[in-house]
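One structure is given here, and the rest of the page talks about it.
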Amino acid sequence: MTKKRTIDAYFGIPKAKKPRYSDTQVVTDGESASYSKHASYPFPIPHLPDALEAEISGSPAREARVIADQPDLDLLHFEPYISRSAARQLFEFLRSELPFYRVEYDIARGGIKTHIRTPRWTTVFGVDETARFEDIRSAASGLTADVLPLKDAPKGEVVDARTRKQIPVGKPNPKETPGQKGYKAIPRPIPYCLDLLRRSTEAVTGCNFNFCLVNYYASGADSISFHSDDERFLGSLPAIASFSLGAKRDFLMKHKPPKPESGETACNSTSQGSLKLPLLSGDMVLMRGKTQANWLHSIPKRSGKNEWDGGRINITFRQALVRGGTENYYQYNVGSGPVYKWNAAGQEMIPWIQPSRP
DNA sequence: CCCCTGGCAGCGCC
DNA sequence: AGGCGCTGCCAGGG
């Protein structure tokens, strides 16, 4: 007999969801491609080509395999979720079109200040559940359309989810907005090209997601060491959907060591308490239940013939419940350094310079 | 067929 | 947190 918790059980409980508008304005410049534009973006982010959009909308390509054969482990592995060819196109598209960052920061390690360069390219979109993006100008009486060409105007201010009042962003000066505590970060709405995948993932998993983190591992030299996405702001039992695009990389998981005071016996066998999933382009892993609370995961470095693998993009969707989540994600995935953009000719990320305006 | 060796993965320490 | 250096394993070649 198979386990009670199957993918069929998931699909068997269809969840009625309100249709939701994209948080970004749809803009079409004549016959050229349309873009997501927003004041928080360094540059407009194009929509997907129609054919690719259609293919992603038809996902998942296959049903998922449940991996829950170890204590506190609850995974769903789609092999793949996005067809291999669509995943390859999406990889190329996102690497070319998204703004990326190389976050650096200092930590004290044994009393010694150490400079950390995160060994991966990152970018992030979204805002926690206490807020949302809303076009406050459309609610105001009619002067905007004539004054500002609507086509180029950024849309979507950050507003309180409950009161729908605007929340200041970007280290707001308390004197200018008395009595209103704003965000230090400048939250960015999820662009349409990623929101499509977010909505598909919500429909398939029955989970809600308000954040999208993107990591680009340019080669085997890029990595992330063992950690859990168990931050307080995700709540207990967080569900996180993780997509792989591009090169195959190993996804390592291991059970957290037992607390010293607890009487549990450590997992000492080699196979128990750890696993390795080779993630291929288009795969999606949903980590749910007690997984984050009890397991660590990593993408280890690869060297030699595996080092120049053409690069891998990881997209994760998750739900941050409180403001601390928004501040944390922008601090550690955007930071305060320069914006980078993919340079196809040189096959590398290069600093993006704000075009000067006459 | 066996042994040697290089390369790679993994781990511990800073 | 990540980099580096040490070690042990494994595959492939001689």
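Sequence lines set the chain letters: A, B, ... in the order given, protein chains first and strands last, and positions in each chain run from 1.
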Salt-bridge present (Arg288(A), Asp74(A); N to O < 4.0 Å): yes
Glu307(A) CD to dC8(B) C1', straight-line distance once rounded to whole Å: 12 Å
Value rounded to 0.5 Å, distance of NZ in Lys341(A) from CG in Leu98(A): 9.0 Å
Charged N-O contact under 4.0 Å between Arg302(A) and Asp309(A): no
Candidate nucleotides dG10(B), dG3(C), dA9(B), ranked by approach to the side chain of Leu252(A) - the nearest: dG10(B)
Under-4.0 Å side-chain N/O to phosphate OP1/OP2 contact, Ser223(A) with dG2(C): no
Sugar-phosphate only, base, or nothing, as touched by Lys254(A) at under 4.0 Å among non-hydrogen atoms: nothing
Interatomic distance where OH belongs to Tyr332(A) and C1' belongs to dG2(C) [whole Å]: 15 Å
Donor + acceptor pair across side chains of Asp283(A), Ser244(A) (<3.5 Å): no
Spacing between Lys301(A) atom NZ and dG2(C) atom C1', to the nearest angstrom: 7 Å
Minimum-distance nucleotide to Ile107(A) side chain [options: dA9(B), dG2(C), dA1(C)]: dA1(C)
Option passing side-chain contact (heavy atoms from CB on, under 4.5 Å) with Cys212(A) (candidates Val124(A), Leu194(A), Thr123(A)): Leu194(A)
Atom-to-atom span, CZ of Arg117(A) to P of dG3(C) - whole angstrom: 9 Å
Under-4.0 Å side-chain N/O to phosphate OP1/OP2 contact, Arg302(A) with dG7(B): no
Nearest-Å distance for atom pair CG/C1', residues Asp309(A) and dC8(B): 15 Å
Nearest-Å distance for atom pair CZ/P, residues Arg102(A) and dA1(C): 14 Å
Sugar-phosphate only, base, or nothing, as touched by Ile116(A) at under 4.0 Å among non-hydrogen atoms: sugar-phosphate
Separation of atom NZ in Lys305(A) from atom C1' in dC8(B), rounded to whole Å: 8 Å
Atom-pair distance (CG on Asn306(A); C1' on dG6(B)), nearest Å: 15 Å
